[in-house]
Amino acid sequence: MTHSLRIPDLTIPARPAPARPAGVGPGDAGDPAVNDVDVIRVAGGARLTGTVHVVGAKNSALKLMAAALLAPGRSVITNVPRITDIAIMGEVLRRLGCEVRFDPDDPVDPMVARGGTARSRSVTIDVPGRPGAEADYDLVRRLRASICVLGPLLARRGYVRVAHPGGDAIGSRGLDMHVSGLTRMGADISGEHGFVIAAAPDGLHGADIVLDFPSVGATENLVMAAVLARGATVIDNAAREPEIVDICSMLIRMGARIEGEGTSTLHIEGVPELRPVRHATVGDRIVAGTWAFAAAMTRGDVTVTGIDPGYLEVALDKLVCAGGLVETSGDAFRVRMDARPRAVDVVTLPYPGFATDLLPMAIGLAAVSDGASLITENIFDGRFMFANEMMRLGADIKTDGHHAVVRGRERLSGAPVRATDIRAGAGLIIGGLCAEGVTEVSHVHHVDRGYPDLVADLRALGVAVERGSVPDGPALDI
Ligand code: EPU
């Protein structure tokens, strides 16, 4: 079947400036403009074709920036994605007394070579001899990953006070494994007025730690604490994600003694000090996986560069089972789908299992596949919140606890929907490409947190797409 497309008008009308009473400026209470939201509109029936380059992984770069805190002096991290979360992390580090500078990247992002906007940068971080020890709620609430300064600051300063990040739209998100691991290493940890306060006045010592679950964040915090602790630390049931391997390889180049990275058991021998380094961020497997699913869902033909396809083995295998043709080479892969995808079951698991961050894409694929798929989410208790928005696009989804049964439909139906988190937002945009008519995804600031210039990439792959801002509902007379 071919997707013939009459491109509808996606123009987002400019809004007239609101009439304001005297003395009321933009952003003041009563100003309707404060209720504007950013939206992305896509025309359904697209077939993605072409090549897209993936830059460094958000979930690695954020932690590499935190790892820089472990050594006084200048560290440079390259291939850092140009996204909101990285800018917030830069601000977290500045408030800790670091000088942080973003520069054009090397090597140059192919998007720039084609005259587009840079999607990656390099970040230079000058870390003082005695960094600050506090991360406030105003930043932590915007970037949950700020909690990754806990380990490095405790190691360097023996004291740290970080706002408790709380839960978010994908689930409850505990910190118990971070806390119990650091406690075993000699830290005294308490909670007060919304802050996590950790103190180790005599320094941290090595410990044997067994994680209840291979938590990415807990593994990272514990590794960053252990590299400067006295003696040996063993972390069992450690996370094995490529981002963990990336941070370990940066730490090793800084002088840390770590063995077992990429396996479930990490051995770390503490050293008295580390030195700053220059390090390139590993490619973003979740962004790459998003393109892989988008190619399959739109019966397209997309080549993704800048990523080791081995990091997506399970996800790409699902696409093969769905009827796709997948070719891989050193740092690229190509996904082609010529017919309607066949339904496949998906179970999310810690790496090397199917990534929870690709769950919205798996649901999107299932929603347009031939047959019924059973999708099981094992990492976050709130991931299926996104399913309600997919149902607005006509997807046939029934959830029960951490399972969802999705009965595929030939075509979805374009509608206004709302992004609730980064990956849900991307999933809805991709879902909209398989819908009749126009889909308007609102609150796309969530998507900006993880996808550098998604609109430019979509356009380059042949999608009719517009971005703008609209009022978030009618102005009310209260
Ligand atoms: N958990 C606990 N206690 C802990 C730590 C984790 O109960 O002490 C639970 C969490 O509540 C969650 C599960 O364990 O239910 C997994 O949490 P994990 O610590 O592995 O995840 P994370 O470090 O908070 C990172 C990524 C997520 C990604 C997960 C899983 C970053 C900044 N975030 O989160 O990415 O989904 O690993 O792979 O690295 C995203 O990028 O959109 C995103 C959510």
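Note that ligands are numbered from 1 as they come in the structure, with each ligand's atoms numbered from 1 the same way. The figures here come from the full heavy-atom set of this structure, side chains too, leaving out hydrogens, waters and symmetry mates.
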More than 12 heavy atoms of other residues, nucleotides or ligands under 6.0 Å from [atom1] of [X]: yes or no?
X    : atom1 : answer
R142 : CZ    : no
D400 : CG    : no
Y159 : OH    : yes

Nearest neighbour of [atom] from the list [options], on a heavy-atom basis:
atom                    : options          : answer
atom 8 (O) of ligand 1  : R144, M89, M177  : M177
atom 41 (O) of ligand 1 : R383, R449, R423 : R423
atom 9 (C) of ligand 1  : A239, A355, G174 : G174

Of all the atoms in ligand 1, which lie at a distance below 4.0 Å from a heavy atom belonging to [X]?
X    : answer
G217 : 19 (O), 23 (O)
I170 : 44 (C)
T356 : 30 (C), 36 (O)
I379 : 12 (C), 13 (C), 15 (O), 16 (C)

Looking at [Y], is its backbone amide N or carbonyl O close enough to the side chain of [X] to form a donor-acceptor pair, meaning the two atoms are under 3.5 Å apart?
X    : Y    : value
D212 : M177 : no
N378 : V347 : no
T281 : T78  : yes
R285 : I307 : no
E134 : D136 : no

- Message: Using a plain distance cutoff, I'd like to know if A218 has any nitrogen or oxygen under 3.5 Å from a nitrogen or oxygen of ligand 1.
- Response: no
- N/O of L62 under 3.5 Å from N/O of ligand 1, yes or no? no
- Between R467 and D448, does at least one N-O distance fall below 4.0 Å, as a salt bridge requires? yes
Residue portion contacting ligand 1 (non-hydrogen atoms closer than 4.0 Å) for [X]:
X    : answer
D357 : side chain
F213 : side chain
I422 : side chain
A145 : side chain
K58  : side chain
L175 : backbone

Looking only at protein heavy atoms, identify the closest one to [atom] and say how far it is in Å.
atom                    : result
atom 34 (O) of ligand 1 : R173 NH2, 3.3 Å
atom 3 (N) of ligand 1  : D176 OD1, 2.7 Å
atom 20 (O) of ligand 1 : V216 N, 2.8 Å

- Query: Just checking, R121 and F102: is the charged tip under 6.0 Å from the six-membered ring centre and within 45° of the axis?
  - Reply: yes
- Taking atom types as modelled and ignoring hydrogens, do the side chains of S122 and D105 form a donor-acceptor contact shorter than 3.5 angstrom? no
